[in-house]
Colleague: 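Provided herewith is a single structure, encoded as structure tokens, for subsequent inquiry.
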Amino acid sequence: MSLDAVLDATAAVCLIAGALLSLAAGIALVRFPDLLSRMHAAAKPQVLGLLLVLLGCALRLRTGVDITTLVLVGAFQLASAPVAAHMVGRAAYPHDQIRTDLLVTDELAAHLDRISERP
């Protein structure tokens, strides 16, 4: 078995696993009941699924320019997904878009009046 065959098989496994994680994240966005659960589904498995797809593509393409581009895409995704999820959560909190009965600790409850005053 040659190295190319092993790398192609590994790439196929990464692509399939990444696609399944992305599919699971999409299904969870539809099925989960509240905003915080949906944010978790949008951020965690979606990013891991994308990184696995990018890894599979890098293993298959094997050129410097393509790998550099894929690394940049992965880095920007890792940098932007948590920030976007945090901002969505902070924006939805004062508008009763989350289920507070499911929270273990509510660190923003003491600051709700200050958050609500902003235009």
Side-chain angles (χ1 to χ4, degrees):
M1 188 175 247
S2 69
L3 181 63
D4 287 339
V6 171
L7 289 176
D8 286 343
T10 307
V13 168
C14 288
L15 287 170
I16 291 171
L20 289 175
L21 275 172
S22 296
L23 176 67
I27 291 171
L29 282 174
V30 175
R31 300 281 302 176
F32 282 172
D34 65 330
L35 180 80
L36 295 179
S37 303
R38 289 179 182 160
M39 279 184 0
H40 176 79
K44 306 262 185 203
Q46 179 63 35
V47 171
L48 181 59
L50 176 71
L51 290 177
L52 282 172
V53 167
L54 292 176
L55 178 64
C57 289
L59 288 173
R60 182 69 181 109
L61 295 174
R62 298 184 201 119
T63 61
V65 174
D66 293 332
I67 292 175
T68 304
T69 304
L70 294 173
V71 167
L72 284 174
V73 168
F76 286 132
Q77 182 69 26
L78 283 174
S80 64
V83 174
H86 177 76
M87 295 307 293
V88 167
R90 289 294 293 247
Y93 184 82
H95 300 291
D96 296 327
Q97 296 293 320
I98 61 171
R99 292 182 50 189
T100 55
D101 60 324
L102 297 177
L103 296 177
V104 176
T105 58
D106 191 359
E107 296 172 352
L108 291 177
H111 305 288
L112 185 60
D113 56 343
R114 184 175 57 93
I115 295 170
S116 313
E117 291 175 4
R118 293 187 180 168

Colleague: Search all heavy atoms of Leu52 against all heavy atoms of Gly18 and return the closest pair with its distance.
Modeller: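 Scanning both residues, the minimum pair turns out to be CB-CA, 3.8 Å.
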
Colleague: Taking Ser37 for the side chain and Pro33 for the main chain, is one N or O donor matched with an acceptor at less than 3.5 Å?
Modeller: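 Pair absent, no side-chain N/O of Ser37 close to backbone of Pro33.
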
Colleague: Between Val47, Leu51, Leu48, which is the residue that forms a side-chain contact (heavy atoms from CB on, under 4.5 Å) with Leu21?
Modeller: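 By the side-chain contact (heavy atoms from CB on, under 4.5 Å) criterion, Leu21 pairs with just one of Val47, Leu51, Leu48: Leu48.
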
Colleague: Under the 3.5 angstrom rule, does the side chain of Arg62 hit a backbone N or O of Leu59 as a donor-acceptor pair?
Modeller: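 Side chain of Arg62 to backbone of Leu59, a donor-acceptor pair under 3.5 Å: yes, one is there.
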
Colleague: Hey, could you give me the CG/CG distance between Leu70 and Leu50, rounded to the nearest 0.5 Å?
Modeller: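 Between atom CG of Leu70 and atom CG of Leu50 there are 9.5 Å.
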
Colleague: Treating Ile, Leu, Val, Met, Phe, Trp and Tyr as nodes and any side-chain heavy-atom pair under 4.5 angstrom as an edge, say whether Ile16 and Leu54 lie in one connected cluster.
Modeller: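 The answer is no; the residues belong to distinct hydrophobic clusters.
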
Colleague: Could you check whether atom CZ of Arg38 has more than 12 heavy atoms from other residues, nucleotides or ligands sitting under 6.0 Å from it?
Modeller: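 Check passes, neighbour count above 12.
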
Colleague: Enter the distance from Leu55:CG to Ile67:CD1 here, rounded to the nearest 0.5 Å.
Modeller: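 Those atoms lie 9.5 Å apart.
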
Colleague: So, taking the atom named CG in Leu23 and the one named CD in Gln46, what distance separates them when rounded to the nearest 0.5 Å?
Modeller: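 The CG atom of Leu23 sits 10.0 Å away from the CD atom of Gln46.
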
Colleague: Calculate, to the nearest 0.5 Å, the distance between atoms NE2 and CG belonging to His40 and Leu35 respectively.
Modeller: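 It is 13.5 Å, given to the nearest 0.5 Å.
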
Colleague: Looking only at heavy atoms, what is the nearest atom pair of Gly56 and Ala11, with distance?
Modeller: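 Heavy-atom minimum between the residues: O-CB, 3.3 Å.
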
